[in-house]
There are 2 protein chains.
Amino acid sequence: MQPKSSTDTPPADEPFLLEEFLPYELSVAANRASRLFARRYSEAFGLSIAEWRVMAMVGRFGTISPGAVAERAEMDKVKVSRAVASLVAAGLAEQGPDPQDGRARLLRLTRKGRHMHQDIVPLARTLEAQLAAGLSADEWAALRNCLRKLYAHVRRLDAAEPRPKDGKATRLPE
Amino acid sequence: MQPKSSTDTPPADEPFLLEEFLPYELSVAANRASRLFARRYSEAFGLSIAEWRVMAMVGRFGTISPGAVAERAEMDKVKVSRAVASLVAAGLAEQGPDPQDGRARLLRLTRKGRHMHQDIVPLARTLEAQLAAGLSADEWAALRNCLRKLYAHVRRLDAAEPRPKDGKATRLPE
DNA sequence: ACGGGTTAATTACAAATGCAACCAAAATCA
DNA sequence: TGATTTTGGTTGCATTTGTAATTAACCCGT
């Protein structure tokens with residue numbers, strides 16, 4: 001079997017195969033996994049992924065501000081805000097004022113929320129284990145490792161990018 | 001340094017760390033990458049990712065039906081339909097009737113579209129190379145490999161899943 | 001202590017998405 | 001052949017998402 005180019009200089013005019021284009025594969029794999037997850041969590045707990053992430057964070061820290069959640073969970077402020085709103089509506093979390101800072105809020109889980117959190121975490125671990133089952137232990141470890149590296153790298157590229165900032169913001173679909 | 005569990009049986013009550021939860025990492029990495037891509041393509045060609053994928057497919061096959069594009073590019077029918085509409089509006093592609101099948105359409109690029117396609121592919125390769133630059137050749141290869149395996153596996157899990165099918169379809173956010 | 005600039009969070013509005021309903025043209029079959 | 005079902009594709013509607021604007025409170029220099 002031939003070495004089959006990987007990081008060599010971009011191949012010239014061979015036809016472009018979308019299915020072998022890493023960003024595409026990454027996106028597709030991630031979407032599939034997310035879907036599966038979303039479905040299970042939706043069925044089991046009626047939670048969206050955003051809500052689930054917030055629950056995970058609040059459950060972990062006990063008390064945390066929306067901003068901190070957004071930062072730690074790589075979520076948009078707005079998304080957090082909305083997720084929190086619906087968690088509150090569902091009686092799973094509550095928002096109190098932050099005595100230290102008048103504009104900030106402090107989130108915490110209600111009794112009900114804490115209870116649910118206890119069920120939520122094991123399900124996550126189970127699901128992760130199910131995914132892991134498709135790869136060897138080494139591959140799984142490699143995947144985690146590479147994914148992190150890639151992420152860090154993209155982050156750098158992204159940061160280096162000259163943000164449009166000012167000009168009429170082009171909406172970024174997908 | 002301790003072996004630090006990876007695929008061992010789900011850890012018991014250690015706090016749940018979202019940042020180390022693979023599906024999360026996968027999703028975050030994919031989103032970052034997509035964003036970067038979307039921005040670049042949007043700036044350079046005014047294309048969304050969906051449009052770009054369609055262009056890639058049509059450009060590659062010369063002539064192809066929307067359905068085939070959807071299948072090969074892992075896209076939703078509707079998404080393809082809309083992407084095609086906007087490509088047509090932009091004068092990049094055209095839709096003709098399929099002589100073989102009255103309900104199907106045949107897509108192909110216009111002169112303008114073909115021309116743009118020639119610029120689009122190199123940009124994709126460049127971007128991919130930029131991503132690859134963050135990892136060693138081995139890691140990159142491993143990532144591709146594991147990603148594919150994971151994808152195939154998720155697909156299986158997903159297929160095995162008892163589709164809600166009937167009951168009031170729960171909307172799957174994200 | 002007060003005005004300018006920030007930061008936390010929510011709200012408002014616009015664009016994008018997904019699902020279901022829909023139309024039209026096959027294919028299946030009695 | 002004619003009715004029934006299936007398939008290709010588009011359209012409508014409700015939900016979601018993202019960006020920008022808004023409100024409120026903080027920080028800082030004077």
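This one's a predicted model, so the numbers in the text were calculated from it and none came from an experiment. The figures that follow rest on heavy atoms only: side chains count, while hydrogens, waters and symmetry mates do not. Residue numbers begin at 1 in each chain, while the letters A, B, ... track the order of the sequences.
In this structure A:Arg103 satisfies the salt bridge (Lys or Arg N to Asp or Glu O under 4.0 Å) test together with A:Asp101, sequence neighbours excluded. For A:Glu139, the salt bridge (Lys or Arg N to Asp or Glu O under 4.0 Å) partners at least two apart in sequence or on another chain are B:Lys149. Checked against side chain to side chain donor-acceptor pair (under 3.5 Å), B:Arg114 has no partners two or more places apart in sequence or in another chain. Residues passing the side chain to side chain donor-acceptor pair (under 3.5 Å) test with B:Gln130, sequence neighbours excluded: B:Arg40. Considering only residues two or more places apart in sequence or on other chains, A:Thr110 meets the side chain to side chain donor-acceptor pair (under 3.5 Å) condition with none of them. Under the rule for a ring-ring contact (aromatic ring centres under 6.0 Å, His included), A:Tyr151 has no partner lying at least two apart in sequence or in another chain.
Rounded to 10°, the angle separating the first-five-pair axis and the last-five-pair axis of the helix from C:dA1-D:dT30 to C:dA30-D:dT1 equals 20°.
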Donor-acceptor contacts under 3.5 Å from residues 56-72 of chain A side chains, at least two apart:
from, atom 1, to, atom 2, distance (Å)
A:Arg60, NH1, B:Glu19, OE2, 2.6
A:Arg60, NH2, B:Glu19, OE1, 3.3
A:Ser65, OG, A:Ala68, N, 3.2

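The distance from atom CZ of B:Arg39 to atom C1' of D:dG18 is 14 Å, rounded to the nearest whole Å. Between A:Arg35 atom CZ and D:dT16 atom P there is a gap of 14 Å when expressed in whole angstrom units. Taking atom CD of B:Gln100 as the reference point, atom P of D:dG8 lies 15 Å away to the nearest angstrom. Rounded to whole angstrom, the span from the CD atom of B:Glu51 across to the C1' atom of C:dT17 amounts to 14 Å. Summarising the geometry, the separation between NZ on A:Lys79 and P on D:dT19 is reported as 11 Å, rounded to the nearest angstrom. Counting to the nearest Å, the P atom of D:dT16 and the CG atom of A:Asp76 are 16 Å from each other. Distance CG (A:Asn31) to P (D:dT16): 17 Å, rounded to an integer number of Å. Whole-Å rounding puts the A:Leu47 CG to D:dT16 P distance at 13 Å.
Taking the six-membered ring for Trp and the full ring otherwise, the centers of A:Phe37 and B:Phe21 sit less than 6.0 Å from each other.
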Short heteroatom pairs, N/O only, protein and nucleotides 7-11 of chain C, under 3.5 Å:
from, atom 1, to, atom 2, distance (Å)
C:dT7, O2, A:Arg103, NH1, 2.6
C:dA9, OP1, A:Arg105, N, 3.2
C:dA9, OP2, A:Gly67, N, 2.5
C:dT10, OP1, A:Gln95, NE2, 2.4
C:dT10, OP2, A:Ser81, OG, 2.8
C:dT10, O5', A:Ser81, OG, 3.4

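At least one donor-acceptor pair closer than 3.5 Å links the side chain of A:Arg144 to the backbone N or O of B:Glu20.
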